[in-house]
Amino acid sequence: MDQSRRVDGYDFRAPDSWDQFADVVALAYGGYEAVPEYRKIIGDIFEPKRSLLAHRAGETCATLALYSLDMSVPGGRQPIAGIGYVTVDPTHRRRGLMRGLIRRTLAGLHDRGEEAVAALHTTEPAIYGRFGFGSATRAVRIQIPRSSSELTAPPADPPLSVRVLDPARCGADITRIYEHAIDRRPGMPRRDGTWMRRAVLDLPERRGGAGRLLCMLAGADDGEPARGYALYSLTARWENSYPRYEVHVRELFANDPAAYASLWRALLDIDLGGTVIADRPVDDAILALLDDPRSAAPVARDQLYTRPVDVERALAGRGYGAEVDLVLDVADPICPWNEGRWRLRTGTHEAECARTSAPADLALTVRELGAVYLGGTSLTQLAAAGRVVEHRSGALRAATRAFHHDPAPYCPTVF
């Protein structure tokens with residue numbers, strides 16, 4: 001598709017640099033000006049040749065950034081097209097610019113044979129379902145009061161030490177531990193040096209009243225490499241002249257249960273601490289470690305949204321939890337090349353997906369395929385909501401088992 005052609009007076013083309021995005025993005029997010037350090041790191045990860053803007057009369061009117069991600073999916077890692085900064089200038093809304101940006105981006109990926117799956121985070125969940133994106137990962141917000149900090153796991157033997165350091169001194173350990181975690185849980189993108197710098201970026205202007213970012217490293221005392229880390233900060237809170245600080249956990253990963261439990265023990269025992277607040281995977285082990293999990297008041301929310309760009313390559317490129325032979329009748333008005341019936345056959349080590357004229361076993365839209373792609377959403381649940389129709393008895397149960405992944409997917413990186 002020719003992305004430079006004019007539509008309703010607008011040109012759609014690739015930007016030259018982040019600077020052509022910056023003003024519209026700032027305006028769309030409330031007029032906040034990005035400080036130079038933040039603007040630089042966003043510019044460093046920006047891929048202008050892959051991104052797209054709507055342009056009219058020398059003015060940028062709408063934006064869409066496209067990132068080349070390497071993300072864990074069931075069965076391994078796959079290239080994923082990460083979509084971010086989808087914004088429209090307030091004076092150019094209601095003119096189809098967002099739809100134009102997304103359709104051109106998906107068509108371009110398809111025409112060039114690039115990533116078979118696209119993913120995004122959204123500030124307004126109701127928007128992207130109509131573009132075929134399904135809610136694929138969820139996080140749970142927990143708030144653990146210090147009075148309910150008893151853990152059921154026994155202490156490590158021998159005990160592990162936990163040190164608090166400046167994150168700038170922990171880059172190698174954070175990178176190594178995070179890399180170890182990627183293949184254990186779908187939805188986690190690999191981070192190169194620039195993305196890692198963004199993950200630990202700590203600008204005073206963006207702290208929201210909290211103190212500086214700190215890093216806990218858990219490991220043995222004998223000089224062995226660290227086995228877990230937690231990035232966190234403290235926000236001062238006082239009740240009746242007593243300190244009840246909030247401990248905000250930005251990120252926590254560990255290589256083994258002992259290091260994991262040691263980090264949580266240390267976070268729950270921080271001096272002046274009152275409540276530990278964190279967004280975690282829905283099946284995170286902390287909910288099994290707490291003697292009183294109810295006290296954490298877990299609240300689930302949507303997180304990453306995904307959609308197949310090419311159904312054939314997307315379904316053949318992931319792994320499955322069971323062997324199935326299914327015909328899926330897929331509706332996709334945004335990407336018509338996905339419309340029709342597809343036969344999915346999964347094996348022990350690989351899967352095949354191809355067009356077929358055989359009768360359908362299940363009927364669904366590409367949005368439902370996006371929701372189940374990372375293995376965290378149940379096809380049975382979607383069917384109960386009327387979003388999947390079973391045409392052959394037993395097909396729904398078999399498909400649910402095949403698409404499911406344990407542990408649940410989770411995406412710690414917003415892009």
Side-chain angles (χ1 to χ4, degrees), residues 1 3 7-8 10 12 24-25 28-29 51-54 61-67 80-90 92-111 114-138 187 301-315 328-342 360 362-374 376-379 381-389 403 409 411 414-415:
M1 177 180 293
Q3 295 180 355
V7 176
D8 295 332
Y10 293 89
F12 290 85
V24 175
V25 169
Y29 285 95
S51 300
L52 196 61
L53 58 77
C61 307
T63 66
L64 183 151
L66 191 65
Y67 300 106
I80 302 292
I83 295 175
Y85 291 110
V86 182
T87 64
V88 179
D89 184 297
H92 294 268
R93 296 187 67 215
R94 313 292 182 190
R95 304 183 191 185
L97 293 182
M98 175 184 287
R99 177 174 290 269
L101 289 169
I102 293 175
R103 292 186 76 136
R104 283 166 174 74
T105 297
L106 297 175
L109 292 171
H110 168 70
D111 292 345
E114 295 174 343
E115 293 94 335
V117 176
L120 54 80
H121 292 270
T122 173
T123 53
E124 297 179 79
I127 292 176
Y128 289 95
R130 65 178 182 261
F131 298 118
F133 288 85
S135 177
T137 74
R138 293 171 180 82
R301 55 152 291 174
D302 57 302
Q303 199 190 39
L304 189 68
Y305 285 67
T306 65
R307 73 106 73 211
V309 176
D310 285 300
V311 166
E312 180 178 5
R313 292 190 294 128
L315 296 188
L328 307 174
D329 190 358
V330 179
D332 188 355
I334 299 295
C335 300
W337 54 86
N338 287 327
E339 293 265 0
R341 278 171 281 173
W342 299 90
L362 299 175
L364 70 173
T365 76
V366 73
R367 180 181 179 185
E368 283 69 58
L369 284 181
V372 302
Y373 178 73
L374 292 175
T377 301
S378 164
L379 278 166
Q381 179 189 31
L382 295 175
R387 292 172 53 185
V388 177
V389 177
F403 276 90
C411 184
V414 177
F415 44 85

Let's go through Leu66 and Ile83 carefully: what are the C-alpha distance in whole Å and the side-chain angles of both, what is the deciding distance for side chain to side chain contact (heavy atoms under 4.5 Å, CB included) to 0.1 Å, and is it a yes or a no? CA-CA 5 Å; Leu66 191 65; Ile83 295 175; 3.7 Å; yes
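- Nearest heavy atoms, His92 versus Leu97: O-CD1, 3.7 Å.
- For the pair Tyr10 and Arg95, the tightest heavy-atom approach, listed with the atom from each and the gap, is OH-NH1, 2.9 Å.
- A distance-only check finds a donor-acceptor pair linking the side chain of Thr377 to the backbone of Ser135 [under 3.5 Å].
- A pairwise comparison of heavy atoms in Tyr29 and Thr123 identifies CE2-CG2, 4.1 Å as the closest pair.
- Side-chain atoms of Arg307 come within 3.5 Å of backbone N or O of Phe131 as a donor-acceptor pair.
- Panel note: side chain Arg313, backbone Glu114; a donor-acceptor pair is recorded below 3.5 Å.
- A pairwise comparison of heavy atoms in Ala314 and Pro308 identifies CB-CB, 3.9 Å as the closest pair.
- Closest non-hydrogen pair, Gly376 versus Pro409, comes out as CA-CD, 3.3 Å.
- Rounded to the nearest 0.5 angstrom, Leu101 CG and Tyr85 OH are separated by 16.0 Å.
- Using modelled atom types, no side-chain atom of Thr306 and backbone atom of Val117 make a donor-acceptor pair closer than 3.5 Å.
- Rounding to the nearest 0.5 angstrom, the gap separating the CG atom in Leu106 from the CH2 atom in Trp337 is 6.5 Å.
- For Thr137 (side chain) and Leu304 (main-chain N/O), a donor-acceptor pair under 3.5 Å exists by modelled atom type.
- For the residue pair Leu109 and Glu115, the shortest heavy atom distance occurs at CD2-OE1, 3.4 Å.
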Item checked: side chain to side chain contact (heavy atoms under 4.5 Å, CB included) between Leu315 and Leu328, intermediate numbers included -> CA-CA 11 Å; Leu315 296 188; Leu328 307 174; 3.9 Å; yes
Between Leu120 and Val86, is the side chain to side chain contact (heavy atoms under 4.5 Å, CB included) condition met? List the steps. CA-CA 10 Å; Leu120 54 80; Val86 182; 5.6 Å; no
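- Tyr305 pairs by the ring-ring contact (aromatic ring centres under 6.0 Å, His included) definition with nothing, not counting sequence neighbours.
- Residue Thr122 holds its OG1 atom at 5.5 Å from CD1 of Ile127, rounded to the nearest 0.5 Å.
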- For Val24 and Leu53, what are the C-alpha separation, side-chain angles and deciding distance, and is it a side chain to side chain contact (heavy atoms under 4.5 Å, CB included)? CA-CA 10 Å; Val24 175; Leu53 58 77; over 6 Å; no
